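In what follows, a single structure is set out as structure tokens and then discussed.
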Amino acid sequence: MIEGSCQTFVSDCQVRAAAELISHAWDPVVLSALRLGPTRRKELLMRIAGVSDKVLTQALQRLQARGLVVRGSSADLASGRAGAVYQLSTLGKSFANGPLAQLAQWAADNQDDLVGPSATP
């Protein structure tokens, strides 16, 4: 547990830092998709319904810049082609399999009680 408290609007607040990791709508989805292991970008496009190529590329770049995703290369033995593959870094695995997975489980457990964006008070 983190000692002390986060004061409102403090830029170095741990809660703010953690929230920034999921502030872009597709970043947590990409992290979750990469939990299955190293994946090519085209496979990610097929795996993640609704994301455009441009948005996926931007998400992968953001996640790489934060050290959550690493880009490597792999040869496809069937086609003989080499290509880029993306996978979670050690830090990315700890986030995707820990807090992000717990947040997803919480959302699943409470989905009936969560108010959707179109609901009015």
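Only a predicted model underlies this, so the values are computations on that prediction, with no experimental measurement involved. Just so you know, these numbers use all the heavy atoms, side chains as well, and skip hydrogens, waters and symmetry mates.
When all heavy atoms of Ala84 and Arg71 are compared, the closest pair comes out as CB-NE, 3.1 Å. Nearest heavy atoms, Ser94 versus Pro99: O-CD, 3.4 Å.
Each of Asn97, Leu100, Leu21 was evaluated against Leu31; a single residue qualifies, Leu100, per the side-chain contact (heavy atoms from CB on, under 4.5 Å) test.
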Please set out all donor-acceptor pairs under 3.5 angstrom arising from side-chain atoms of residues 46-63, sequence neighbours excluded.
| from | atom 1 | to | atom 2 | distance (Å) |
| --- | --- | --- | --- | --- |
| Arg47 | NH1 | Ala33 | O | 2.7 |
| Arg47 | NH1 | Thr39 | OG1 | 3.3 |
| Ser52 | OG | Val55 | N | 3.1 |
| Asp53 | OD1 | Arg41 | NH1 | 2.3 |
| Thr57 | OG1 | Asp53 | O | 2.9 |
| Arg62 | NE | His24 | ND1 | 3.4 |
| Arg62 | NE | Asp27 | OD1 | 3.4 |
| Arg62 | NE | Asp27 | OD2 | 3.0 |
| Arg62 | NH2 | Asp27 | OD1 | 2.8 |

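Grouping the Ile, Leu, Val, Met, Phe, Trp and Tyr side chains by contacts below 4.5 angstrom, directly or via other members, places Leu36 apart from Val85.
Side-chain N or O atoms of Ser89 include one that pairs as donor or acceptor with a backbone N or O of Leu68 at under 3.5 Å.
Listed by chain and number, the residues in a side chain to side chain contact (heavy atoms under 4.5 Å, CB included) with Gln105 are Ala108, Asp109 (sequence neighbours excluded). For Lys42, the side chain to side chain contact (heavy atoms under 4.5 Å, CB included) criterion is met by no residue, not counting sequence neighbours.
With a 4.5 Å cut-off on side-chain heavy atoms, Ile22 and Phe95 count as touching. Between Val69 and Gln87 the shortest side-chain heavy-atom distance does not fall below 4.5 Å.
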Checklist entry - Stepwise, does the side chain to side chain contact (heavy atoms under 4.5 Å, CB included) test hold for Lys93 with Arg35? => result CA-CA 7 Å; Lys93 287 177 187 176; Arg35 289 177 62 204; over 6 Å; no

Just do the side chain to side chain contact (heavy atoms under 4.5 Å, CB included) check on Tyr86 and Gln64 with the steps written out, would you? CA-CA 9 Å; Tyr86 296 89; Gln64 287 178 81; 3.6 Å; yes

